[in-house]
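Notes for the one structure printed next.
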Number of protein chains: 2
Amino acid sequence: MFLSIGDLAVRTGVKVPTIRYYESRGLLAAPLRSAGNQRRYGRAELERLGFIRHARDLGFSLEAIAALIELQDHPDRACTSATRIAQDQLGAVREKIRRLRALESELARIAEGCTGDGAARDCYVLASLADHDLCTQDHPIEAKSSTQVS
Amino acid sequence: MFLSIGDLAVRTGVKVPTIRYYESRGLLAAPLRSAGNQRRYGRAELERLGFIRHARDLGFSLEAIAALIELQDHPDRACTSATRIAQDQLGAVREKIRRLRALESELARIAEGCTGDGAARDCYVLASLADHDLCTQDHPIEAKSSTQVS
DNA sequence: TGTAATCTCTCTAGTCACTAGAGGTTCAAG
DNA sequence: CTTGAACCTCTAGTGACTAGAGAGATTACA
């Protein structure tokens with residue numbers, strides 16, 4: 001089995017430039033090359049990229065994935081940190097859902113309060129955004145998290 | 001009322017470099033300057049920045065905010081587009097919640113399936129990520145959206 | 001064997017919404 | 001008048017890619 005980077009891309013659903021990017025970030029080892037310097041992949045790389053893909057779909061950062069891969073490469077180590085990474089991610093996702101729900105109700109109130117047929121001067125959307133006091137509930141003051149939903 | 005950029009930052013909760021960034025992006029007009037070239041703000045800028053802050057908290061992109069501001073500056077126009085922007089944003093938030101909920105249950109299954117006291121070779125977290133077939137439900141294949149939850 | 005189409009190579013730069021830092025100037029309090 | 005905080009501009013970095021240029025490799029078919 002010798003796959004070109006394009007074959008690998010089709011099989012995993014990861015785009016070609018993204019595969020090269022992962023290699024540059026150290027998530028994939030530099031593969032064999034053809035006589036003409038093109039990348040050639042085997043089953044191991046296919047599986048590893050599938051792993052990365054799946055973890056990315058679940059919102060893990062590349063940093064977290066690198067840690068998980070490190071662990072995969074050392075099967076004798078305790079899997080405590082893998083569990084912690086997954087639990088951290090779960091916590092981050094739950095927090096994000098919580099915040100998005102607050103935004104949802106606030107936005108629904110704003111969007112549905114306006115029929116859209118008036119002039120901008122009377123627009124409830126604009127008024128709501130201009131005056132925080134119209135909020136029925138407070139939405140959060142910016143906090144940092146790195147989970148992406150894409 | 002003449003506020004320095006630092007005063008404005010304290011009053012709105014927007015950081016100083018972010019205020020300058022908004023100015024560079026055209027969301028805030030270039031303000032008056034002191035004799036020594038420092039920015040001086042009045043009530044109008046305070047309100048506008050509050051508007052931007054509120055909209056950002058609700059996840060609107062700077063592009064969307066620019067469109068809303070444009071509308072604010074022309075109160076005679078119909079507010080149709082403001083309503084559409086808000087509804088688009090609401091739709092994006094709902095979609096994001098939907099996807100995050102799928103991730104949540106998948107992650108909960110993975111994270112709770114592992115006690116964390118075994119070796120990496122037997123880790124359920126790693127196995128789940130390596131083998132997509134273990135998924136009880138499918139989580140989405142990467143789709144594009146620009147709403148950020150921060 | 002020739003050739004054309006497609007793929008692949010490296011490299012740089014752009015995206016979004018900031019954030020950090022360097023190196024210098026201005027302001028307000030004491 | 002001095003000190004120290006706040007301000008100025010500018011550049012570069014973040015994460016996770018994405019886009020494009022310009023050149024070389026591979027493959028299918030005649």
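Reckoned from all heavy atoms, side chains included, excluding hydrogens, waters and symmetry mates.
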CZ/A/R33: more than 12 non-hydrogen atoms of other groups inside 6.0 Å: yes

Sugar-phosphate only, base, or nothing, as touched by A/R20 at under 4.0 Å among non-hydrogen atoms: base

Rounded distance [0.5 Å steps], CD in B/E112 versus CG in A/L90: 6.5 Å

Interatomic distance, B/D57 CG vs C/dC18 P [rounded to whole Å]: 10 Å

Below 4.0 Å: OP1/OP2 of D/dG15 and any side-chain N or O of A/S61: no

Among D/dG24, D/dC17, C/dC18, the nucleotide that comes nearest once only the side chain of A/Y21 is considered: D/dC17

Gap between atoms CG and P, on B/N37 and C/dC27 respectively (whole Å): 9 Å

Phosphate contact (C/dT10 OP1 or OP2) by A/R39 side-chain N/O below 4.0 Å: yes

Gap between atoms CZ and P, on A/F2 and D/dT27 respectively (whole Å): 13 Å

Whole angstrom value for the distance that separates C1' of C/dA28 from CG of B/D7: 12 Å

Under 4.0 angstrom between B/T18 side-chain N/O and C/dA17 OP1 or OP2: no

Earlier contact from the 5' end, DNA chain D, for A/A35 and A/P17: A/P17

Protein-nucleotide distance (B/R40, atom CZ; D/dA6, atom C1'), rounded to Å: 10 Å

B/S128 side-chain N/O to B/Y124 backbone N/O, donor-acceptor pair under 3.5 Å: yes

Value in whole Å for how far the P atom of C/dC27 lies from CG of B/L3: 16 Å

Nearest-neighbour nucleotide for the B/S4 side chain, D/dC8, D/dC7, D/dT26 considered: D/dC7

Whole angstrom value for the distance that separates C1' of C/dC18 from CG of B/L27: 13 Å

B/K15 side chain near C/dC18 phosphate (N/O to OP1/OP2, under 4.0 Å): no

Spacing between A/R53 atom CZ and D/dA16 atom P, to the nearest angstrom: 15 Å

Under-4.0 Å side-chain N/O to phosphate OP1/OP2 contact, A/R33 with C/dT8: no

Side chain B/E106, main chain A/L58, donor-acceptor under 3.5 Å: no

Any B/S34 side-chain N or O less than 4.0 Å from OP1/OP2 of D/dC7: no

Side chain A/E45, main chain A/G42, donor-acceptor under 3.5 Å: yes

Any B/Y22 side-chain nitrogen or oxygen under 4.0 Å from OP1 or OP2 of C/dC18: yes

